2 protein chains.
Amino acid sequence: MATARQKESVELLKAHGLSVTGGRKDILNLFLSRKGALAHADIEKKLGTLYDRVTIYRTLQSFVDKGLIHSIPTKDNSIRYALCKDECASGHHHDHHIHFVCKRCNHTYCLDEVATPSVKLPKGYTVNQVEMVVSGVCQSCQ
Amino acid sequence: MATARQKESVELLKAHGLSVTGGRKDILNLFLSRKGALAHADIEKKLGTLYDRVTIYRTLQSFVDKGLIHSIPTKDNSIRYALCKDECASGHHHDHHIHFVCKRCNHTYCLDEVATPSVKLPKGYTVNQVEMVVSGVCQSCQ
DNA sequence: CGTTGTTTTGCAACAGCGTTGCTTTTATGT
DNA sequence: ACATAAAAGCAACGCTGTTGCAAAACAACG
């Protein structure tokens, strides 16, 4: 099981054109094991003794660049990251789902089954991307 | 005209239970004169010589607390602020409009005429607040 | 399996953002 | 105009994210 996940992360890394290193495997495993988004601070808290702060920053950046994870904007000024679905590729993110932030446990979830509704903008505006973040109370915290 | 705006800002401050000071008037005037959101950095650039950095932070915070302005989350990790409509009061923000970020001029607008569409979440989720940020190209930059 | 060239990591230092404590100055209400 | 309460200024700090460079790890190839 742990080995299965190991294999999965290695495959994912290779499939996205990233060389396989210990740090990348560990960080990717965090994303795979925990459904929900992670902030840099979360990762540092879990792996802080193993890897340098800078390495984590650069790893996250490379993951975003290669379409492995995407960033989620939040009100509290801390960027969170979550795994992308298969449709995302290098340079092209297609996260058409909405994000949910729980006020109790402070976890962030990708609600893949909920698509972002289309919006009608006033004349003259060209839409490029739509971000939707819903906050409230999640299933586990009810 | 400048005096009319002066009066308007004084009224607004008083109406929201804030004492009237030079800094608050100047900062509020910035919001009144410029349609669009402002980041702390923008304000500092315009008024930086007049007021201390800390004063600007505290002023913005008090404006948010009293329901004068609201914050807008962005991907680049810089909080922007925009004027609230009348429905907002101390502690209760009702910004049910969407926000638009232009990729060209990098301005942020409140599209008050566009309401946030309602979303259907999976069972077990309680919705508290919905944030919608659309990015693209604005009217002036077409 | 070892060598070589490239990529990644760790370390140190730095810049920017936002906060806090304390003192001085400014506003408010009587 | 005065006393009291609030805000501004100053200094310092912590946290987040970035950059340059040297050491280490990885990938490809013979």
Side-chain angles (χ1 to χ4, degrees), chain A residues 6-7 9-30 37-66 68-69 71-81 90 106 108, chain B residues 6-7 9-30 37-66 68-69 71-81 90 106 108:
Chain A
Q6 286 292 337
K7 221 169 191 174
S9 54
V10 171
E11 292 308 312
L12 265 173
L13 288 172
K14 284 186 180 170
H16 287 83
L18 289 160
S19 56
V20 179
T21 68
R24 287 179 178 170
K25 274 194 293 185
D26 285 352
I27 292 177
L28 184 49
N29 277 337
L30 278 186
L38 293 168
H40 177 275
D42 300 324
I43 298 168
E44 197 177 340
K45 216 185 292 176
K46 297 221 171 193
L47 305 177
T49 51
L50 289 170
Y51 305 104
D52 193 80
R53 226 161 45 88
V54 179
T55 300
I56 299 175
Y57 279 114
R58 289 201 263 233
T59 302
L60 289 172
Q61 191 55 55
S62 64
F63 281 8
V64 172
D65 291 342
K66 300 289 183 173
L68 249 172
I69 61 177
S71 66
I72 306 166
T74 56
K75 280 226 168 191
D76 65 342
N77 224 17
S78 79
I79 303 180
R80 282 145 195 260
Y81 300 92
S90 186
N106 206 30
T108 303
Chain B
Q6 285 292 334
K7 221 167 189 174
S9 54
V10 171
E11 293 307 312
L12 264 172
L13 287 172
K14 284 186 180 170
H16 286 83
L18 288 160
S19 55
V20 179
T21 67
R24 287 180 177 170
K25 275 195 291 185
D26 285 354
I27 292 178
L28 184 50
N29 278 335
L30 277 185
L38 292 168
H40 177 276
D42 300 324
I43 298 168
E44 199 178 339
K45 216 185 291 175
K46 296 221 172 195
L47 305 176
T49 50
L50 288 171
Y51 304 104
D52 193 81
R53 223 162 47 89
V54 179
T55 300
I56 298 174
Y57 279 115
R58 290 200 262 232
T59 302
L60 289 172
Q61 191 55 55
S62 63
F63 282 8
V64 172
D65 290 343
K66 302 288 183 174
L68 250 171
I69 60 176
S71 67
I72 306 166
T74 55
K75 280 227 169 188
D76 65 342
N77 225 15
S78 79
I79 304 180
R80 284 145 194 259
Y81 301 92
S90 184
N106 207 30
T108 303

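First the proteins, then the strands, lettered A, B, ... as listed; each starts at 1. Nothing here was measured: the structure is a model prediction, and the numbers come from that model.
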So, using side-chain contact (heavy atoms from CB on, under 4.5 Å) as the criterion, who are the partners of [X] when residues are at least two apart?
X	result
B:V20	B:V10, B:L13, B:K14, B:K25
B:L30	B:L38, B:I43, B:K46, B:L47
A:K45	none

Inset, instruction - Note the angle between the end axes of the helix from C:dC1-D:dG30 to C:dT30-D:dA1, five pairs defining each, rounded to 10 degrees. - result: 40°
Legend entry - Interatomic distance, B:Q61 CD vs C:dC17 C1' [rounded to whole Å]: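 For the pair B:Q61 CD and C:dC17 C1', the rounded distance is 14 Å.
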Legend entry - A:S9 side chain to A:R24 side chain, donor-acceptor N/O pair below 3.5 angstrom: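 On atom types as modelled, these side chains do not qualify, holding no pair under 3.5 Å.
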Any residue meeting side-chain hydrogen bond (donor to acceptor under 3.5 Å, both in side chains) with [X], in chain and number order, not counting sequence neighbours:
X	value
B:T21	none
B:D42	none
A:E11	none
A:Y81	none

Inset, instruction - Using heavy atoms to find the nearest nucleotide of DNA chain C for B:K14 and B:E44 separately, return the residue whose nucleotide is more 5′. - result: B:E44
Inset, instruction - Give a yes/no answer on whether the side chain of B:R53 brings an N or O atom under 4.0 Å of OP1 or OP2 in C:dC17. - result: no
Inset, instruction - Check every strand shown and say whether B:L50 touches a base, only sugar-phosphate, or nothing at a heavy-atom separation below 4.0 Å. - result: sugar-phosphate
Inset, instruction - Heavy atoms of chain A, cut-off under 4.0 Å: which first and last nucleotide of DNA chain D, 5' to 3', fall inside that, if you could look? - result: D:dT16 to D:dA27
Legend entry - Sequence neighbours excluded - side chain to side chain donor-acceptor pair (under 3.5 Å) pairs with any residue from residues 52-62 of chain B: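 Side chain to side chain donor-acceptor pair (under 3.5 Å) check on residues 52-62 of chain B returns B:Q61-B:D65.
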Inset, instruction - Compare all side-chain heavy atoms of B:I79 with those of B:L60 and state whether any distance is below 4.5 angstrom. - result: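 Heavy-atom side-chain distance check fails, nothing below 4.5 Å.
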Identify all pairs in which a protein N or O lies below 3.5 Å from an N or O of nucleotides 21-26 of chain C, and state each distance.
unit_1: C:dG21; atom_1: O6; unit_2: B:R58; atom_2: NH2; d: 3.3

